[in-house]
Participant: 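Mind having a look at this structure? Questions to follow.
Below, chains carry the letters A, B, ... as their sequence lines are ordered, and counting in each starts from 1.
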There are 2 protein chains.
Amino acid sequence: MGTKGSANRQRIVDAADHLFYSRGYNQTSFSDISDETGIPRGNFYYYFKTKEDILAAVVDARLVEFRVMLQNCEKATTDPLQRLHSLVQFPLHRESQVLKYGCPIGSLSSELVKEQDTEISQARLTAVFDLLKNWIEEQISELGQPARANDFAMDLLARMQGVIILSNVYRDTAFLHKGIKDIQNWLNHTLSN
Amino acid sequence: MGTKGSANRQRIVDAADHLFYSRGYNQTSFSDISDETGIPRGNFYYYFKTKEDILAAVVDARLVEFRVMLQNCEKATTDPLQRLHSLVQFPLHRESQVLKYGCPIGSLSSELVKEQDTEISQARLTAVFDLLKNWIEEQISELGQPARANDFAMDLLARMQGVIILSNVYRDTAFLHKGIKDIQNWLNHTLSN
DNA sequence: GTCTATATCGAGATAGAC
DNA sequence: GTCTATCTCGATATAGAC
């Protein structure tokens with residue numbers, strides 16, 4: 001175990017990760033996390049100074065989760081276009097959660113941009129978007145179109161967020177599938193120049 | 001004044017509307033609304049039984065705001081395609097707020113889908129999306145393509161939400177403008193069949 | 001390291017005077 | 001209709017025993 005070892009710490013982060021996703025950060029209390037882990041409230045302060053510190057740990061955890069996801073996209077194939085397809089399909093592997101709770105980074109970001117105080121977690125949040133954005137840019141560059149990489153990455157992220165939001169609001173599984181298919185068609189069309 | 005008359009009631013709704021948008025529903029307290037209006041907390045309960053009742057009134061107010069916006073789109077021109085362009089450009093008229101707080105209906109919806117208890121406001125929220133969706137469908141039908149109306153309306157809403165989310169997260173004014181321009185190009189291209 | 005007990009604060013909500 | 005005073009609860013956070 002490193003500096004962040006301890007099984008209990010990890011259990012707290014896991015429960016918080018799940019609860020922040022399903023209920024939202026502000027709607028999740030220490031009691032909720034305590035109920036889910038069986039670890040008493042007061043104990044949290046041995047591992048974290050504040051609730052915001054737990055949030056930071058959760059965001060770090062999501063960063064790791066997304067890195068793993070991207071690595072899986074890379075393992076699947078060496079073709080950058082296919083890798084992008086792999087990324088786009090990812091929400092389908094989490095379909096029921098996406099329909100119920102939206103995007104793990106998009107919905108959390110939306111909640112945290114409203115935060116008046118803390119600007120700290122703000123930077124952490126765009127870090128997850130940046131991770132995806134940079135990875136997409138790499139794939140585009142490998143396709144020999146580095147000049148379009150930035151614009152394209154932003155467009156792709158925007159489209160995915162839009163499809164997920166609408167699917168979530170209407171709990172519309174058909175639209176989620178159709179929206180992703182449309183993005184894939186757009187991928188093929190726009191990257192074959 | 002009708003059943004919902006009273007200047008004070010209106011001032012409460014106006015302040016809540018603004019605060020729910022800039023801070024979020026759950027992050028806005030009665031004290032916040034009291035500070036902004038000068039009306040004491042206890043007084044709110046003369047006009048509303050619960051905080052959720054205030055939320056319902058705010059959603060109703062946004063419904064009215066969006067109806068007015070759509071009516072303005074209709075006044076501008078009789079051409080359905082131009083009316084859609086008018087709708088798409090709307091976020092630019094609220095640019096600074098959109099960059100800071102996102103979409104008034106999108107961000108509120110994202111916050112409220114997480115609500116475990118109340119299913120009431122849930123239905124109210126999709127009502128605003130439905131208002132936009134139905135209006136878009138009307139325009140498409142008038143263009144003689146009623147079969148595509150539903151799919152097209154969902155796509156358009158998803159694209160706008162996506163562009164707004166990314167603009168908001170990165171506070172990227174250039175992307176907001178570019179994203180809207182891209183949607184307009186897509187509008188022209190896809191509706192000229 | 002782990003747990004209980006408790007402090008402190010601010011939230012939504014109520015009662016009742018004026 | 002308007003205002004003050006107050007209730008109750010649950011939130012984050014702390015102290016200190018074991």
Participant: With a cut-off of less than 4.0 Å, is there a side-chain N or O of B:Tyr45 near OP1 or OP2 of C:dT14?
Facilitator: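 So the side chain of B:Tyr45 is outside the cut-off, no N or O lying under 4.0 Å from OP1 or OP2 of C:dT14.
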Participant: Roughly how many Å is it from CZ in B:Phe44 to C1' in D:dG1, rounded to a whole number?
Facilitator: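 To the nearest whole Å, that distance equals 15 Å.
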Participant: Rounded to whole Å, how long is the line connecting atom CZ of B:Phe30 with atom C1' of C:dA13?
Facilitator: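 The distance from CZ of B:Phe30 to C1' of C:dA13 comes to 8 Å, rounded to the nearest Å.
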Participant: Strictly by modelled atom types, are B:Asp14 and B:Gln10 linked by a side-chain donor-acceptor pair under 3.5 Å?
Facilitator: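 B:Asp14 vs B:Gln10: donor-acceptor pair found between side chains.
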Participant: Would the number of heavy atoms belonging to other residues, nucleotides or ligands and lying under 6.0 Å from CZ of B:Arg171 be above 12?
Facilitator: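 More than 12 heavy atoms, drawn from other residues, nucleotides or ligands, come within 6.0 Å of this atom.
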Participant: Looking only at atom types and distance, does a side-chain atom of B:Tyr101 sit under 3.5 Å from a main-chain N or O of B:Asn168, one as donor and one as acceptor?
Facilitator: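 No.
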Participant: Please give, in whole Å, the distance from D:dG10 C1' to A:Gln27 CD?
Facilitator: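 Result: 14 Å.
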Participant: Tell me if the aromatic rings of B:Phe175 and B:Tyr170 count as close, with their centers under 6.0 Å from one another.
Facilitator: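 Judged by ring-centre distance (under 6.0 Å), B:Phe175 and B:Tyr170 do not meet the cut-off.
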Participant: Hey, does B:Thr28 reach any base, or is it just sugar-phosphate, or nothing, if we go heavy atoms under 4.0 Å?
Facilitator: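 Here B:Thr28 touches the backbone only, sparing every base.
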Participant: Let me know the distance between CD1 of B:Ile33 and P of C:dG10, rounded to the nearest Å.
Facilitator: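 From B:Ile33 CD1 to C:dG10 P: 17 Å.
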Participant: Check the distance between C:dG12's P and B:Ile54's CD1 and give it to me in whole angstrom.
Facilitator: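 Interatomic distance, CD1 of B:Ile54 to P of C:dG12: 9 Å.
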Participant: Nucleotide by nucleotide, 5' to 3', does protein get under 4.0 Å of the base (B), only the sugar-phosphate (S), or neither (-) in nucleotides 2-8 of chain D, counting heavy atoms?
Facilitator: BSB----
Participant: Take A:Asp182 and A:Arg159, measure what salt bridge (Lys or Arg N to Asp or Glu O under 4.0 Å) needs, and give me the verdict at the end.
Facilitator: CA-CA 10 Å; A:Asp182 288 346; A:Arg159 286 197 180 216; over 6 Å; no
Participant: Using whole Å, what does the distance between atom P of nucleotide D:dG10 and atom CG of A:Asp35 come to?
Facilitator: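 In whole Å, D:dG10 P and A:Asp35 CG are 12 Å from each other.
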Participant: Calculate the interatomic distance between A:Asn26 atom CG and C:dA11 atom C1'; express it in whole Å.
Facilitator: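 The distance from CG of A:Asn26 to C1' of C:dA11 comes to 13 Å, rounded to the nearest Å.
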Participant: State, without any angle test, whether B:Arg94 and B:Gln97 hold a side-chain donor-acceptor pair at a distance under 3.5 Å.
Facilitator: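 There is no such pair (donor and acceptor under 3.5 Å, judged by atom type) between the side chains of B:Arg94 and B:Gln97.
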Participant: C:dA11, D:dA11, D:dT12: which one has an atom nearest the side-chain heavy atoms of A:Ser31?
Facilitator: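 Output: D:dA11.
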Participant: Can B:Tyr45 and B:Asp53 be said to form a side chain to side chain donor-acceptor pair (under 3.5 Å), step by step?
Facilitator: CA-CA 10 Å; B:Tyr45 292 90; B:Asp53 284 351; over 6 Å; no
Participant: Tell me: CZ of B:Arg23 to C1' of C:dA11, nearest whole Å?
Facilitator: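 That distance rounds to 14 Å.
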Participant: With respect to the phosphate group of D:dA11, does any side-chain polar atom (N or O) of A:Ser29 fall under 4.0 Å of OP1 or OP2?
Facilitator: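 For A:Ser29, the contact criterion (side-chain N or O under 4.0 Å from OP1 or OP2 of D:dA11) is met.
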